[in-house]
Amino acid sequence: MDNSLTPRSNDLGLTAAAKANAPIESQEAKSFAKQLQGFWVTFITMFKKVNTVEYPEVKEPTAERFHGRHQLNRYDDGLEKCIGCELCAWACPADAILVEGESNTEEERFSPGERYGKVYQINYLRCVFCGLCIEACPTRALTMTNGYELADESRAKLIFEKEDLMAPLKAGMLQPPHPMAPGKTHIDYYRGDIKGGSNG
Amino acid sequence: MTPEQALLETQAAVEMITVVIDGFEVTVPKGTLVIRAAEKLGIQIPRFCDHPLLEPAGACRQCLVDIEINGRAFPKPQASCTIPVENNMIVKTQLTSPVAEKAQAGIMEFLLINHPLDCPVCDKGGECPLQNQAMSAGRPESRFEGVKRTFEKPVSISSQVLLDRERCVLCARCTRFSEQIAGDPFITLIERGALQQVGIYEEDPFESYYSGNTVQICPVGALTGASYRFRARPFDLVSVDSACEHCASGCAMRTDIRRGKTLRRLAGDDSSVNEEWNCDKGRWAFKYLTSRERVASPMIRGEDGELHEASWPEAIAFAAAGLKGKRAGVLVGGRATVEDAYGYSKFARVALGTNDIDFRSRPHSDEESSFLSSVVLGLKTTYKDIDKADQVVLLGFEPEEESPIVFLRIYKQLRKRALAVISDAPVASRGSVKLKAQLVSDISSISGLTSKSVILVGERLGEKVGALSAAVDLAEKSGAKLAWIPRRAGERGAIASGAIATLLPGGRPVSQASARVDVAAAWAVDSLPANPGRSTSEILHALIVNNLDAVVIGGVDPLDISNTALSQLLNSFVVSLEITHSAVTAVADVVLPVAAVIEKSGSFQDWQGSARTFEKAIADSLSRSDVRILSMIADEMGTPINLPTVAATAREIAALGNWDGAAISFEKTSTVKTLATEEKMNLTSWRLLLDLGTLQDGETNLAGTARKATARISKTKAEKLGVNEGELISISSDLGSLKLPVEISEMSDNEIWVPRNSIDSQVIANLGFVNGQVTVVKA
């Protein structure tokens, strides 16, 4: 009858084993001085400079090469660097990137050369921020920013589309589609010989 | 002959030679190339220009090996793709000979000097032999410091093939294919040295029906298909083996799917049928799948006369209510798979209780019905018979236009051993010119056929009274092998499945009670209808004279039958099972969407009668095969046909087997001579491969290479009409007319030929018939 009232032990005898192996502790009461010494650490820490910041009101810069959110870069006139080659998707160990290429036409040009990325998605639920995509990119179209604020309330919102990833237009840049700079070819773009907007 | 005897015979005929490659002995037939003998051992010698189905060229020099015969070594490494094996030959490949290895590395370096580093934008990237071999045999760093040769890119050598000349390694696979396999030498290597490039003749673009194969065999990304350009990478694609739905040649295909969307189709490898080739229609005509005209959901015609979307149960119930207890017929188009045709056949007999079923959505005759139900299923002629034939006779059949792989087979033998080809066409098509066909005006005038000759009969022969009888006579008289080659993929399977009034599945004649009892027992029904059924045109006629109330139509274009067919459907209850909206769905009372080939499993029977099975390529497609939908309607009508899936249907077909009783005999018809009058001309027409066919919808790149519609008349006739080449003439019948530019050809003065279903030349719609008397004047 007694047994039925005792709660069944579920520690599988671990407590007993731990006790058996534990170093023999001094059974003497801790001295008051020892306790003071402990509280002193706490007390002194109160006056030390803290490591944490009041996020999100205060934000510390990350390390310079921190792997954060991706960005799709532009040439200086605003044309996209991405050629839709899918090498990033190929390199990705987490299968987080989806790219679909398309042909540029004379009427509708998004990047120098023949090909551009029409669909570009990065799934941040999958991305492990390893940076292999950046290494794979043959045109330096894809780079990583230091942005780390990648939390949201739905899965769908964490699949970033091309427009979420494109670098913002800087002064002198024109929103594609627009033609290449007069007399220039995709080679000139690739070599970095393009400065400023193509249409004035 | 048993297989053992056959083997002995071939062994006796061919001398075998033993060679040593990398220390291993291998015995191969005399004439085998070293590179092929090495393959047999599993030793892969790198190569670009070598292709087992093309003549050796030795163009790329990548396959260099060290060779020694009778103890005497060649002073330099030799191209293993051009040297046949010989006795006492010792071959050392890159695996055992440092000389061969260095030679191959050197060639790779040469090839890469001018090859651009544009793999990221090249469609071949990821499945590129050059990329792969550069990785395995190339240098990590280039030693070349000059400027690479560049060309303007890409050049469209036709509306569907693009050429990036700087990527070309000058292997000449494409030019050899065009010349040796397709017989269309429209591309060739031009210029010399570093500027050598693939070029086209300016006045003759690369408008070959087989141009897609050059894209497939190009070992680099020099030739790419316009419709697949920049669409995907190999790792995006799921490849599924499939069969081609476009004609009765029966090509094996590979369908590449990306995220539920077909991006490209390639020729599959089947040495007994298409070898490794296919035609451009099979390769590129698949956009109809994603057409905006696709029927998305079941539709019911409401009180207001418009089609409204409905749920499946509603639409099935509506169709069943409209068919139950009514006199109804069934029209099955040529796109039906064997399983679907079986479903239609069983549905007509069990659920509708009628033999009014016909798969022929084209002009037809009673003579043809008799031919189809008595002769066709017994025909055993195959591609191999063409390979061995003494002569090939083409009757009512243009292989290049109507069954392109049959053309390739005949052309192969023509090149190899000058096979004699005879055709009954009134004018030489481009295919006939390539085949050097001898044109005869009358089937009875053909003589000198042997038992190893092959007579290929096309579906159009049935349009001429007595012609099928004459063809059968010819075959019986000479002992030549007969074959019937329909244009559409589903036709032979439809006959075998009993989608014709006179036959039950397995070739069982409706007229024989034992055959009906046989099938009734298998289907677990009391009896099957015994009254003779109607043909397509009779069914359509019965609809307007109120002998029939309703009709079930699957995949029929009314303009393929007659220009009145559509109006004949207007006042009856029409159930349409269709892929895309069409003329039939426009008048149908219920429209039920069905799956296209890529979205379902099933099988076709090619013209040889062999099954071409295919699996569903788009795994998560919601579209259903015709047979499943028919089964649901039959359930709703209370007369179940129990064919819930394609697999179950295939099992039932296999269990039922073929008829082993006597076949019905062919009732021959005598030929009727049509007398041309002075003012009228005899019109002949056939379809071109690339035309206005429904399954080619939406593929503009492909349509760009379609041959231009012209009316072909003789020189004397043109002079009489006062027209020059290229000037318009007007061709008219009692029902209408059409205008076409003249092409002066060698033909009889009272004959005129026009394409049957091309732009500006839809013969049935414009003239009301396909063969007949027309008035021709200068327009």
Side-chain angles (χ1 to χ4, degrees), chain A residues 72-73 79-106 108-123 132-142 159 161-162 180 183-191, chain B residues 114-128 131-132 134-135 146-156 159-167 221-238 256-264 290 700-701 704:
Chain A
L72 284 168
N73 299 311
L79 282 180
E80 295 161 10
K81 286 187 173 178
C82 177
I83 51 170
C85 72
E86 303 192 28
L87 288 186
C88 46
W90 209 336
C92 183
D95 197 11
I97 307 182
L98 178 117
V99 188
E100 281 177 17
E102 184 59 80
S103 301
N104 281 312
T105 57
E106 285 313 312
E108 234 190 5
R109 174 173 292 286
F110 291 88
S111 72
E114 274 187 86
R115 178 171 176 154
Y116 77 100
K118 189 182 187 190
V119 174
Y120 200 104
Q121 292 179 349
I122 296 182
N123 183 342
L132 288 179
C133 47
I134 309 307
E135 275 184 49
C137 184
T139 61
R140 277 246 161 257
L142 190 68
I159 299 171
E161 295 284 345
K162 187 177 169 188
M180 283 192 272
K184 300 286 185 181
T185 65
H186 68 282
I187 310 267
D188 300 316
Y189 274 84
Y190 188 72
R191 291 201 179 113
Chain B
N114 271 324
H115 192 84
L117 269 174
D118 65 349
C119 303
V121 291
C122 177
D123 278 334
K124 204 79 177 180
E127 52 180 7
C128 176
Q131 211 176 28
N132 295 346
M135 297 295 267
V147 178
K148 288 191 187 226
R149 168 204 61 185
T150 53
F151 287 111
E152 185 207 325
K153 63 179 279 178
V155 182
S156 297
S159 69
Q160 55 202 9
V161 181
L162 300 173
L163 168 66
D164 289 282
R165 287 168 293 177
E166 75 280 23
R167 290 181 191 152
L223 292 170
T224 46
S227 60
Y228 178 69
R229 204 162 163 94
F230 305 157
R231 282 296 175 281
R233 291 283 171 203
F235 66 87
D236 295 322
L237 301 171
V238 178
D256 282 356
I257 309 285
R258 182 182 192 183
R259 299 208 298 158
K261 220 168 124 186
T262 310
L263 286 194
R264 66 173 174 183
T290 44
T700 46
N701 292 326

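Residue numbering restarts at 1 for every chain, and letters A, B, ... go by the order of the sequence lines.
- Shown here for A:Cys85 and B:Pro120, the closest heavy-atom pair between the two residues is CB-O, 2.8 Å.
- With a 4.5 angstrom heavy-atom cutoff, A:Ala89 touches chain B via backbone and side-chain atoms both.
- Top candidate by heavy-atom pairs under 4.5 Å with chain A, chosen from B:Cys119, B:Gly126, B:Ala232, is B:Gly126.
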Using distance alone, with no hydrogens and no angle check, list the donor-acceptor pairs under 3.5 Å between chain A and chain B.
{"unit_1": "A:Cys85", "atom_1": "O", "unit_2": "B:Arg233", "atom_2": "NE", "d": "2.8"}
{"unit_1": "A:Cys85", "atom_1": "O", "unit_2": "B:Arg233", "atom_2": "NH2", "d": "3.3"}
{"unit_1": "A:Glu86", "atom_1": "OE2", "unit_2": "B:Arg258", "atom_2": "NH1", "d": "3.4"}
{"unit_1": "A:Val99", "atom_1": "O", "unit_2": "B:Arg258", "atom_2": "NH1", "d": "3.3"}
{"unit_1": "A:Val99", "atom_1": "O", "unit_2": "B:Arg258", "atom_2": "NH2", "d": "2.7"}
{"unit_1": "A:Glu100", "atom_1": "OE2", "unit_2": "B:Arg259", "atom_2": "NH2", "d": "3.2"}
{"unit_1": "A:Glu114", "atom_1": "OE1", "unit_2": "B:Arg229", "atom_2": "NE", "d": "3.2"}
{"unit_1": "A:Glu114", "atom_1": "OE1", "unit_2": "B:Arg229", "atom_2": "NH2", "d": "2.4"}
{"unit_1": "A:Glu114", "atom_1": "OE2", "unit_2": "B:Arg229", "atom_2": "NH2", "d": "3.0"}

